[in-house]
Amino acid sequence: MNSLFDIDEPENDNTAQSNADLNNATSFNPLDEAVESIFHTTSSEESRINDSFSRKVPDTALRIPAPTFLDELNPEQRQAVETTDGPLLVLSGAGTGKTKVLTTRIAYIIQQRKALPWQILAVTFTNKASKEMKSRLERLIGGDAFSVWLGTFHAIGIKILRKFGDRIGLAPNFIVLGSDDQERLIKKLMQEAGIDIKKYTPATMLEIIQRWKDKGLLPEHVSSAHQSSFCNGQALYFYRQYQQKLRALNAVDFGDLLLLPLALFQQDASVLRQYQQQFKYILVDEYQDTNVAQYLLLRLLAKGHNNLCCVGDDDQSIYSWRGAEVENILSFQTIFPDAKIIRLERNYRSTGHILNAAAALIAHNTGRLGKTLKPIDSHNQGKRLSVKEYFNGNQEAEQIVEKINETYRAGGLLGETAILVRATFQTRLFEEKLLQAGIPYKIIGGFKFYEREEIKDAVAYLRLALNTNDDLAFLRIVNKPKRGIGKQAMEALEQTTAEKHISLFDAITWAPLRPAVRKALESFVTLIKRAHELTQTEKPADTAKLILEESGYIQMWQMDKSPESEGRIENINELYNVLEDFEDIESFIEYASLVTDTDENTTGDQLVVMTLHASKGLEFKTVFLPGWEDGLFPHQKALDESGDIGLEEERRLAYVGITRAKREVFISYAQSRKLYGQWINPIPSRFINELPEEDIDFKPLCSYNHFNGTSSQSEERYHSSSTFEDYFFDTRDESHSAERHRPVSRWDRESVSSGFETGFDSSPAQFVAPFFKSSSNKKSKRIGKRVRHETFGLGTVVREEGERLDIRFDSGELKKIMARFVELAE
DNA sequence: GGGTTGCCCGTTTTT
DNA sequence: CGGGCAACCC
């Protein structure tokens with residue numbers, strides 16, 4: 001068997017036993033009260049709510065108004081709400097009201113007194129989604145919404161581990177590691193083992209480990225079928241080491257928040273049984289993005305009452321690269337033979353053209369469950385999708401921003417518009433243009449608040465103040481600000497740590513240290529001890545303020561004269577604000593380790609720019625989809641690494657993008673794009689060809705005067721391009737254009753390695769990949785080399801044709817010179 | 001111990 | 001092109 005968590009195997013003693021127990025479970029269970037008291041003792045606030053609720057059950061239930069909320073549902077939605085018992089899969093297409101179904105379903109279950117709020121488990125993927133669901137549920141049923149077990153998979157996992165983690169050797173105050181801590185850890189392990197970090201990167205190693213965890217596999221469960229050849233097959237060894245290290249630190253990573261509850265359930269059937277009995281109804285959002293570990297968790301928990309309702313859309317599965325298994329949703333009916341399937345196909349969001357185009361696109365994928373989205377107003381098709389070609393990425397950004405500016409100035413709302421890109425680097429251009437145009441905007445998913453260096457550092461100070469055994473926090477800040485602690489000192493500390501089995505912090509007392517270093521470290525110890533006292537007496541925000549000031553950390557940034565330092569101090573002040581909302585530092589740290597971005601909600605009327613991935617679940621009146629170029633979208637790496645599977649996922653991403661729009665879609669691509677400082681010339685995305693002609697309005701660059709019927713300014717705009725590049729591409733030799741659309745991917749390093757000069761940027765030389773592959777396709781050894789000519793002086797080789805070189809001299813002149821007339825200049 | 005240079009490499013990223 | 005990091009030098 002692939003996993004020891006394979007729940008269909010009866011020989012698994014624990015599971016078999018719990019199965020037997022569960023078959024005896026009834027909908028009313030005298031154990032409920034006991035279970036409740038077990039589950040609600042740590043969080044005082046929550047237990048208060050739950051206790052008062054449980055005492056007032058009949059009252060509260062009666063006070064729930066008649067279910068008028070059912071009247072707001074269409075027949076399919078209503079069916080999805082009323083089919084409460086047994087396994088149910090709700091195939092919910094984009095914009096068909098799945099959140100409404102989920103929240104109404106919870107309300108309905110409670111109203112029908114099929115379960116008490118805390119007997120319902122509702123899991124989402126993002127904090128944002130759970131927040132949204134909680135507030136909508138509150139509108140339906142009031143304060144009871146807070147008693148429902150509603151949260152992300154990871155938040156649920158943490159809750160379970162805090163309570164029962166000790167049964168698998170995890171102290172209740174374990175810390176949750178962020179990705180940087182994880183990487184640091186695995187890197188250290190690999191270096192200690194003498195691995196060439198360059199060749200086998202810690203990030204890749206972590207990814208392999210993560211995939212195992214996603215599959216619910218502990219090191220001892222990794223069979224040959226799951227083995228990895230990475231790093232000469234040593235990945236498993238490092239997985240084992242890594243887990244040991246985590247345990248020694250009393251830490252878990254994100255994967256563990258799913259994996260360890262599984263391990264716990266496997267090891268301690270009584271714990272599993274308690275949860276199985278508690279959760280009478282389980283609801284899952286975004287089921288298409290669950291991984292195997294999540295699936296196993298759900299299956300185990302649902303064995304109690306068998307009321308599992310999964311909502312998802314296989315066409316929107318875009319996270320397989322992170323371990324999500326579309327298979328979970330595709331084979332739902334096989335796994336649960338008595339499962340009902342309900343399709344939600346009435347789309348309340350988009351126009352006919354948008355839905356047609358999206359449907360035609362996604363129809364190119366195989367292995368779908370299949371569904372057809374129908375618009376509410378089938379008579380009005382709306383506007384066709386615009387597909388537009390631009391000279392280059394710069395012009396694309398400029399004109400999209402210009403277009404947005406027009407509607408903005410005409411009184412349109414920015415909040416109804418989004419620019420959705422494939423890769424984060426694309427946001428840079430838009431940011432620049434939006435800034436110039438003075439349009440309020442928000443880039444989502446760029447820098448996460450809690451991933452910023454200064455925030456991580458501040459949190460590390462708090463962590464260490466709370467627990468001096470937190471070696472990772474220690475490592476992060478021991479020399480920040482500089483205290484003169486270097487490699488030598490750290491090695492001494494680590495050695496002492498290893499010998500005496502004590503923390504790095506405690507090792508200071510024993511380690512052999514040079515006097516100056518000892519003095520520095522001892523005052524650090526005093527500082528942290530004082531910080532610890534502060535945590536006992538002061539409020540969290542004041543504690544943080546005092547620690548960061550007394551440690552000299554704030555001063556460190558104040559002294560720093562780099563342009564970001566001011567922002568860093570602002571961020572720390574923002575952190576104090578966040579801390580105001582917390583009773584104690586422990587709960588803040590937990591929050592900080594689970595929440596990735598605080599500022600997911602836009603303030604005021606702002607345009608949003610974000611990746612397609614980040615846009616899932618959102619909707620906008622107008623959506624811009626720039627950069628539809630083969631190599632960028634679909635992304636070359638997805639194609640290279642996963643072939644047709646990768647292509648299909650990219651196509652689903654395109655589907656997600658299009659279906660975000662209510663009214664208008666603007667797809668575009670550029671003939672040239674700057675990548676890694678060099679120009680490349682991609683071809684239009686193959687997805688564009690998959691859009692039905694009757695749903696789109698295609699505007700190629702060369703024929704703008706024929707196609708543009710709406711605005712007379714358009715022509716002028718094309719010619720008033722503001723950059724050298726625009727001008728250059730506008731006037732360049734037309735003989736190249738015939739080659740422009742050759743279906744050759746140019747999104748790789750090879751294709752940009754040869755090129756010729758733009759002719760405008762004299763120094764340093766800028767390269768432009770040709771529209772065609774250079775006649776001699778062999779790689780050139782001379783391009784980019786600095787050379788000296790007797791009369792023209794220094795220059796850079798920009799093109800090579802046998803012995804004939806094109807050289808851009810520093811004077812700005814471009815000349816053809818035979819190689820023998822120049823010498824290499826070093 | 002700390003600053004500097006030179007080389008490598010570059011998706012997406014709910015938690 | 002630019003960030004990150006390791007080797008290298010003061």
Side-chain angles (χ1 to χ4, degrees), chain A residues 123-131 151-158 176-179 182-183 187 191 196-199 201-203 207 210 213-214 252-258 285-286 288-291 293-294 318-324 420-426 428 444-446 448 450-451 479 482-491 514 516-517 520 590-597 600 610-618 627 631-642 646 649-650 652-653 656-657 674-679 747-749 752 761 764-767:
Chain A
V123 273
T124 62
F125 270 81
T126 64
N127 292 307
K128 196 171 159 190
S130 76
K131 212 167 125 190
T152 62
F153 273 102
H154 295 82
I156 304 290
I158 226 174
V176 183
L177 261 44
S179 52
Q182 290 179 54
E183 204 162 312
K187 187 174 161 191
Q191 280 173 328
D196 181 359
I197 304 278
K198 284 251 165 71
K199 199 165 170 202
T201 66
E207 213 166 284
Q210 216 65 259
K213 291 190 175 185
D214 289 340
V252 300
D253 66 14
F254 279 118
D256 285 344
L257 293 178
L258 308 173
D285 192 15
E286 307 278 19
Q288 76 281 355
D289 286 328
T290 48
N291 59 34
Q294 287 161 332
I318 53 175
Y319 283 105
S320 77
W321 52 275
R322 270 192 105 197
L420 308 179
V421 298
R422 177 63 182 87
T424 40
F425 79 85
Q426 292 174 268
R428 283 245 315 261
I444 293 179
K448 302 278 169 66
Y450 288 97
E451 309 244 304
N479 203 31
K482 299 262 183 296
R483 296 186 175 91
I485 319 295
K487 222 166 87 185
Q488 299 272 305
M490 287 316 296
E491 270 167 22
R514 291 183 9 222
V517 173
E590 176 148 323
Y591 170 82
S593 57
L594 284 183
V595 174
T596 36
D597 44 358
E600 62 241 333
M610 63 181 134
T611 62
L612 287 159
H613 282 93
S615 75
K616 199 176 66 168
L618 305 176
L632 176 58
F633 191 41
H635 201 283
Q636 193 60 47
K637 209 147 183 173
L639 303 176
D640 290 346
E641 284 172 10
S642 317
E649 181 148 320
E650 295 286 299
R652 290 192 291 268
L653 204 47
V656 167
K674 206 174 185 176
L675 182 74
Y676 307 142
Q678 290 186 308
W679 288 94
W747 202 262
D748 51 305
R749 200 163 281 278
V752 300
D761 218 345
Q766 281 239 308
F767 294 103

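Below, read A as the first sequence line, B as the second, and so on, with proteins coming before strands; counting in each chain starts at 1.
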For A:His635 and B:dT11, are the ring centres under 5.5 Å apart with planes inclined under 30°?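 Yes.
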For [X], answer base if it contacts any base atom (sugar-phosphate contacts may also be present), sugar-phosphate if it contacts only those atoms, and nothing otherwise; contact means non-hydrogen atoms under 4.0 Å.
X: A:Gln426; answer: nothing
X: A:Glu649; answer: nothing
X: A:Tyr319; answer: base
X: A:Ala638; answer: base
X: A:Lys487; answer: sugar-phosphate

Pairwise side-chain contact, [X] with [Y], heavy-atom cut-off 4.5 Å (strictly under):
X: A:Asp253; Y: A:Lys213; value: yes
X: A:Ile318; Y: A:Leu653; value: yes
X: A:Phe153; Y: A:Leu257; value: no

Proximity to the side chain of A:Arg322 - top-ranked nucleotide from B:dG1, B:dT11, B:dT13: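 Taking heavy atoms from C-beta onward, the closest nucleotide is B:dT13.
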In this structure, how many angstroms lie between the [atom2] atom of [N] and the [atom1] atom of [X], rounded?
X: A:Leu612; N: B:dT13; atom1: CG; atom2: P; answer: 9 Å
X: A:Glu641; N: B:dT11; atom1: CD; atom2: P; answer: 11 Å
X: A:Met610; N: B:dT13; atom1: CE; atom2: P; answer: 11 Å
X: A:Gln182; N: B:dT13; atom1: CD; atom2: C1'; answer: 13 Å
X: A:Lys674; N: C:dG2; atom1: NZ; atom2: C1'; answer: 12 Å
X: A:Glu451; N: C:dG4; atom1: CD; atom2: C1'; answer: 16 Å
X: A:Met490; N: B:dG1; atom1: CE; atom2: C1'; answer: 13 Å
X: A:Gln636; N: B:dT11; atom1: CD; atom2: C1'; answer: 12 Å

Can you check whether any acceptor in the base of B:dT11 is under 3.5 Å from a donor in the side chain of A:Arg422, or vice versa?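 No, the side chain and the base share no sub-3.5 Å donor-acceptor pair.
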Anti versus syn assignment for B:dT11, with syn defined as within 90° of 0: syn
Would A:Val421 and A:Phe633 count as a side-chain contact (heavy atoms from CB on, under 4.5 Å) here? Give the steps. CA-CA 9 Å; A:Val421 298; A:Phe633 191 41; over 6 Å; no
Does a side-chain N or O from A:Thr611 land closer than 4.0 Å to OP1 or OP2 of B:dT11, or not? no
Closer than 3.5 angstrom, by distance alone: can the side chain of [X] be matched with the main-chain N or O of [Y] as a donor-acceptor pair?
X: A:Asn291; Y: A:Gly323; value: no
X: A:Ser642; Y: A:Leu639; value: no
X: A:Glu650; Y: A:Ala638; value: no

Can you pull every protein N or O that's under 3.5 Å from an N or O on nucleotides 5-10 of chain C?
residue: C:dA6; atom: OP1; partner: A:Lys187; partner atom: NZ; Å: 3.0

Which pairs, protein N/O on one side and nucleotides 2-4 of chain B N/O on the other, fall under 3.5 Å?
residue: B:dG2; atom: OP1; partner: A:Gly484; partner atom: N; Å: 3.1

May I ask you to check whether A:Trp321 and A:His613 place their ring centers less than 6.0 Å from one another? yes
Mind checking what makes side chain to side chain donor-acceptor pair (under 3.5 Å) contact with A:Gln294, not counting sequence neighbours? none
Within a 6.0 Å radius of atom CD on A:Gln488, are there more than 12 heavy atoms belonging to other residues, nucleotides or ligands? no
